[in-house]
Amino acid sequence: MHKKVIILGSGPAGLTAAIYTSRAALEPLLVHGPMPGGQLTTTTDVENFPGFEEGVMGPDLMQIMEKQAVRFGTEILVDKVVEASITEKPIKLKTESGKELTCETLIIATGANPRFLGLQAEKDLMGFGVSTCATCDGAFFRDVDIAVVGGGDSACEEAIFLTKFGKKVYLIHRREELRASKIMQERVLNHEKIEVLWNSELKDILGSKEKGVEKLSIYNNKTEETYDLPCSAVFIAIGHTPNSQLFKDQLSLDENGYIIPKPNSTQTNIEGVYACGDVQDHIFRQAITAAGTGCMAAIEAERWLEENH
Ligand SMILES: Cc1cc2nc3c(=O)[nH]c(=O)nc-3n(C[C@H](O)[C@H](O)[C@H](O)COP(=O)(O)OP(=O)(O)OC[C@H]3O[C@@H](n4cnc5c(N)ncnc54)[C@H](O)[C@@H]3O)c2cc1C
């Protein structure tokens, strides 16, 4: 199958790119990928996406976006791209089910996956007191005790942000010192609401969907003691993995695997190939910024097609 535009990913970035390119009559094909609807399908209330005064459930928001894209003619392929040859035109893609696709422009919106510790409770209580995003979910936890797991810059930033809401914020770190930059360390260590639990590992999260998170089981790897810490929310802040592995030998990536687009653009180092959303953004990581860059990618792809065909 040959298309003018193929979009990889069905999160806010990919679906926004699909809405714009389909309204521009480019008849895009959007490949769903392994997580239809993207990261927002793993959460409950989304209160910061404009247009939803009362908030919206993450999975509902993604269904609405998909319907909007389909309404204007986006074709959806429920499959995952497993091979990509993008340095020459036409761009060639192969899917998990063996389909061969070609296109003139490619919009990569494959997102990023938050890293987890691997506890069953992280999955069970995600959106019920477990989160990976303080900006997104911090405001749900006012005047209660909150924990953050991690010791890098992101974990420190999340902990500081959460002090706006929480009565107390515990930073659970498995080592004796933080990995974060000196300035972040100072801010955390001097903050009256933050207590760092050194040499500490989160072993379990206790609670239920009805009651939310109630306590955390913490193992101190120095004293070898395990104890329960009462807490109403836990933010896992141990990093994200951008889904860019497919392109690692063809696209410019930073040291953490994020695609590097040109400044103020979604254009990658290859003409006609655009990257939007969390796969190229380690700073904002929000649905609205992903949607914004999805729009940019669509407009840039449309202009490239106009100039080159
Ligand atoms: C628990 C949680 C709660 C959140 N809450 C909020 C919130 O309240 N507000 C907010 O603004 N943001 C929130 N976020 C962040 C927000 O979800 C992300 O910033 C946003 O989803 C990024 O959109 P994206 O389109 O770039 O990528 P994703 O949403 O990560 O989607 C990536 C897409 O790419 C697809 N894909 C991956 N590999 C391939 C492949 N090989 N072939 C084809 N497709 C592929 C996947 O199937 C998926 O559909 C939250 C995130 C999490 C994890």
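None of these values were measured; they are calculated from a predicted model. First listed ligand is number 1; within each ligand, the first listed atom is number 1.
With hydrogens and angles ignored, the 3.5 Å screen pairs no side-chain donor or acceptor of D60 with any backbone N or O of V56. Checked by atom type and distance alone, the side chain of E195 never pairs as donor or acceptor with a backbone atom of K168 at under 3.5 Å. With hydrogens and angles ignored, the 3.5 Å screen pairs a side-chain donor or acceptor of S22 with a backbone N or O of A18. Between the side chain of N221 and the backbone N or O of R174, at least one donor-acceptor pair lies under 3.5 Å. In this structure, Q280 contributes its side chain and G277 its backbone to a donor-acceptor pair below 3.5 Å.
Of all the heavy atoms of M126, the ones lying under 4.0 Å from any atom of ligand 1 belong exclusively to the side chain. When heavy-atom distances to ligand 1 are checked against a 4.0 Å cut-off, T110 comes that close through both its backbone and its side chain. Of all the heavy atoms of A112, the ones lying under 4.0 Å from any atom of ligand 1 belong exclusively to the backbone.
Annotation: atom 15 (C) of ligand 1 to nearest protein heavy atom, R285 O, 3.6 Å. Protein heavy atom at the shortest distance from atom 11 (O) of ligand 1 is A287 N, 2.8 Å. Protein heavy atom nearest atom 53 (C) of ligand 1, with residue, atom name and distance: T132 OG1, 3.3 Å. Looking from atom 9 (N) of ligand 1 to the surrounding protein, the closest heavy atom is N48 OD1, 2.8 Å. The shortest contact between atom 44 (N) of ligand 1 and any protein heavy atom is with G33 CA, 3.1 Å. Among protein heavy atoms, the minimum distance from atom 19 (O) of ligand 1 is reached at D278 OD2, 3.0 Å. Nearest protein neighbour of atom 31 (O) of ligand 1, counting heavy atoms only, is G38 CA, 3.5 Å. Protein heavy atom nearest atom 51 (C) of ligand 1, with residue, atom name and distance: Q39 OE1, 3.7 Å.
Residue V31 is tested with T110, I7, V81, L93 for a side chain to side chain contact (heavy atoms under 4.5 Å, CB included); the sole match is V81.
With sequence neighbours left out, the salt bridge (charged side-chain N to carboxylate O under 4.0 Å, His left out) criterion links K262 to no other residue.
Every atom of ligand 1 with a heavy atom of G277 under 4.0 Å away is listed here by number and element: 26 (O). Residue A109 approaches ligand 1 through these ligand atoms, each under 4.0 Å from one of its heavy atoms: 32 (C), 33 (C), 34 (O). For ligand 1, the atoms lying closer than 4.0 Å to a non-hydrogen atom of T42 are 1 (C), 53 (C).
By the 3.5 Å distance cut-off applied to N or O atoms, Q286 is counted among the residues near ligand 1. In terms of polar-atom proximity, D79 is not counted as a contact of ligand 1, lacking any N or O under 3.5 Å from an N or O of the ligand. Between S10 and ligand 1, a contact under 3.5 Å exists for at least one N or O pair. Between C133 and ligand 1, no pair of N/O atoms sits closer than 3.5 Å.
The aromatic rings of H282 and Y258 sit tilted relative to each other, their planes meeting at an angle between 30° and 60°.
Counting heavy atoms only, P34 comes closest to atom 38 (N) of ligand 1 of the residues G11, P34, G37, S244. In the candidate list M62, H240, M35, M35 is nearest to atom 49 (O) of ligand 1, counting heavy atoms. For the residues A290, P12, C136, G111, the heavy atom positioned nearest atom 7 (C) of ligand 1 is part of C136.
Under the 3.5 Å distance criterion, with hydrogens and angles disregarded, no donor-acceptor pair is assigned to the side chains of E225 and N220. A donor atom on one side chain and an acceptor atom on the other are found under 3.5 Å apart for H32 and E66.
Between E224 and K222 there is no salt bridge, since no side-chain nitrogen of the basic residue lies less than 4.0 Å from a carboxylate oxygen of the acidic one. A salt bridge links E75 with K3: the closest approach of a Lys/Arg side-chain nitrogen to an acidic carboxylate oxygen falls below 4.0 angstrom.
Taking the ring axis of F165 as reference, the NZ or CZ atom of R142 does not stay both within 45° of it and closer than 6.0 Å to the ring centre.
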